[in-house]
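Below: one structure, written as structure tokens.
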Amino acid sequence: MQNTLKSAVTFTGTGLHSGAPVRMVVRPASADYGIWFRRTDVTDRDAMVPARWDAVVPSKLCTLVENAAGVSVSTIEHIMAALAGSAIHNALIEIDGPEVPILDGSAMPFVQAFILRGIREQFAPVRAIRVQKSVEVRDGDAIARLDPADMLEIDFRISFTDAAIGTQSRRLNMANGAFVRELSDSRTFCRQADVDAMRERGLALGGTLENAVVFEGADVLSPGGLRHADEPVRHKMLDAVGDLALAGGPILGRYTGDRAGHALTNRLLRALFADPEAFRLVDCGPQTVGKLPGVGVHRGDLPVHA
């Protein structure tokens with residue numbers, strides 16, 4: 001069955017790239033509503049922005065959705081991952097600015113608040129997107145691919161010259177609360193040189209050593225070090241879960257990312273939906289529901305950092 005929150009949850013923080021303060025309220029929504037943003041600071045035009053793959057527009061270093069009136073919300077990947085990883089299918093997200101708060105740089109604060117507030121089952125079946133045949137997109141050395149599978153699996157590889165990151169890979173079956181336990185607390189990361197370059201371009205103005213893992217060569221500059229030895233690749237997997245959540249329903253398939261980012265994952269969804277033979281919409285029965293991300297999550301699934 002579909003799920004929504006039992007009651008509204010409020011988050012306050014700072015936008016990672018804008019540095020601006022923001023207040024965001026995630027509210028329950030009716031069955032089949034899906035996920036929508038509403039810009040409460042916009043009053044002169046349509047303020048409703050769909051959290052959907054075909055509303056994504058090119059942006060730098062994050063996922064940004066925009067409606068036909070030009071109203072946008074950026075850096076949505078972590079909140080989308082938290083909703084998908086908590087099996088919340090319907091929600092209205094009210095936000096008083098153009099960027100989702102970064103909080104600690106992971107999805108954990110969102111997930112923790114959702115689980116503690118409570119998730120309500122709705123009397124409507126979950127409609128999933130079953131991958132029927134392989135779809136792949138490339139950009140130089142970067143690859144994103146979807147293959148048929150019984151449940152969502154994420155297989156990711158990254159490679160950096162920095163000794164503190166290096167080459168990392170991880171594969172994870174996303175059923176049975178795996179997102180919450182294994183990925184939700186992994187923070188966004190970057191190199192100190194990237195931070196300097198972004199700030200020269202007016203980006204990452206809200207970034208700190210408290211909401212991002214910053215590397216310099218062999219060193220981890222953020223206090224407390226890493227939450228996982230392979231935290232960078234786990235965070236890339238988290239991002240992929242969030243970007244895939246824009247499909248409009250849970251994906252039953254294996255996602256493979258090799259140095260892939262937000263833009264490439266969105267290109268992959270566009271390629272999937274451009275081919276009617278590549279996917280099939282299915283109403284999930286009792287046997288399939290247990291294979292969906294986030295179904296049955298509880299407080300015991302929260303990482304120790306929560």
Can you check whether [X] reaches [Y] side chain to side chain, under 4.5 Å on heavy atoms?
X: Phe215; Y: Leu226; result: yes
X: Glu66; Y: Val71; result: no
X: Val214; Y: Cys190; result: yes
X: Phe160; Y: Gln168; result: no
X: Tyr255; Y: Met174; result: no
X: Leu246; Y: Arg52; result: no
X: Asp275; Y: Gln132; result: no
X: Glu77; Y: Thr75; result: yes

Would you name the heavy atoms of [X] and [Y] that are closest together and state the gap between them?
X: Val100; Y: Val22; value: C-CG1, 4.4 Å
X: Pro28; Y: Arg120; value: CB-NH2, 4.4 Å
X: Thr265; Y: Leu244; value: CG2-CD2, 3.9 Å
X: Ala8; Y: Arg27; value: CB-NH1, 3.9 Å
X: Met1; Y: His89; value: O-CE1, 3.9 Å
X: Ile88; Y: Thr4; value: CG2-CA, 4.2 Å

Is [X] linked to [Y] within one hydrophobic cluster, defined over Ile, Leu, Val, Met, Phe, Trp and Tyr using a side-chain heavy-atom separation of less than 4.5 Å?
X: Leu146; Y: Leu281; answer: yes
X: Leu92; Y: Phe11; answer: no
X: Trp36; Y: Val73; answer: no
X: Leu64; Y: Leu61; answer: no
X: Val25; Y: Val9; answer: no

Whether over 12 other heavy atoms sit under 6.0 Å from [X] [atom1]:
X: Lys6; atom1: NZ; value: no
X: Arg45; atom1: CZ; value: yes
X: Arg23; atom1: CZ; value: no

Got a donor-acceptor contact below 3.5 angstrom from the [X] side chain to the [Y] backbone?
X: Asn90; Y: Gly34; value: yes
X: Ser159; Y: Arg259; value: no
X: Glu99; Y: Leu16; value: yes
X: Arg130; Y: Val282; value: no
X: Arg181; Y: Asn176; value: yes
X: Asp46; Y: Met48; value: yes
X: Arg187; Y: Asn211; value: no
X: Arg270; Y: Trp53; value: yes
X: Ser222; Y: Ala212; value: yes
X: Ser30; Y: Tyr33; value: no

- Taking NZ, NE, NH1 and NH2 as the nitrogens, is one of them in Arg191 or Asp162 under 4.0 Å from a carboxylate oxygen of the other? yes
Rounded to the nearest 0.5 Å, how far apart are [atom1] of [X] and [atom2] of [Y]?
X: Asp258; Y: Lys236; atom1: CG; atom2: NZ; result: 11.0 Å
X: Gln122; Y: Asp32; atom1: CD; atom2: CG; result: 8.5 Å
X: Asp155; Y: Asn173; atom1: CG; atom2: CG; result: 12.0 Å
X: Asp147; Y: Lys133; atom1: CG; atom2: NZ; result: 12.5 Å
X: Thr63; Y: Asp239; atom1: OG1; atom2: CG; result: 7.0 Å
X: Asp139; Y: Arg267; atom1: CG; atom2: CZ; result: 6.0 Å

- Message: With side-chain contact (heavy atoms from CB on, under 4.5 Å) as the criterion, how do Glu121 and Asn3 come out once you've worked through the C-alpha distance, each side chain's angles and the decisive distance to 0.1 Å?
- Response: CA-CA 5 Å; Glu121 186 176 85; Asn3 296 315; 3.8 Å; yes
- Query: Less than 6.0 Å separating the ring centroids of His228 and His235?
  - Reply: no
- Message: Checking side-chain contact (heavy atoms from CB on, under 4.5 Å) between Arg157 and each of Ile143, Thr167, Val233, which is the one that passes?
- Response: Thr167
- Worked check of side-chain contact (heavy atoms from CB on, under 4.5 Å) between Glu153 and Arg171: CA-CA 7 Å; Glu153 300 173 8; Arg171 184 172 181 175; 3.3 Å; yes
- Message: Going by ring-ring contact (aromatic ring centres under 6.0 Å, His included), name the residues that satisfy it together with Phe279, two or more places apart in sequence or in a different chain.
- Response: Phe273
- Task: Evaluate side-chain contact (heavy atoms from CB on, under 4.5 Å) for Thr188 paired with His78, printing each intermediate quantity in order.
- Result: CA-CA 9 Å; Thr188 192; His78 299 171; 4.3 Å; yes
- List the steps and the verdict of side-chain contact (heavy atoms from CB on, under 4.5 Å) for Phe179 and Leu238. CA-CA 8 Å; Phe179 173 84; Leu238 182 158; 3.9 Å; yes
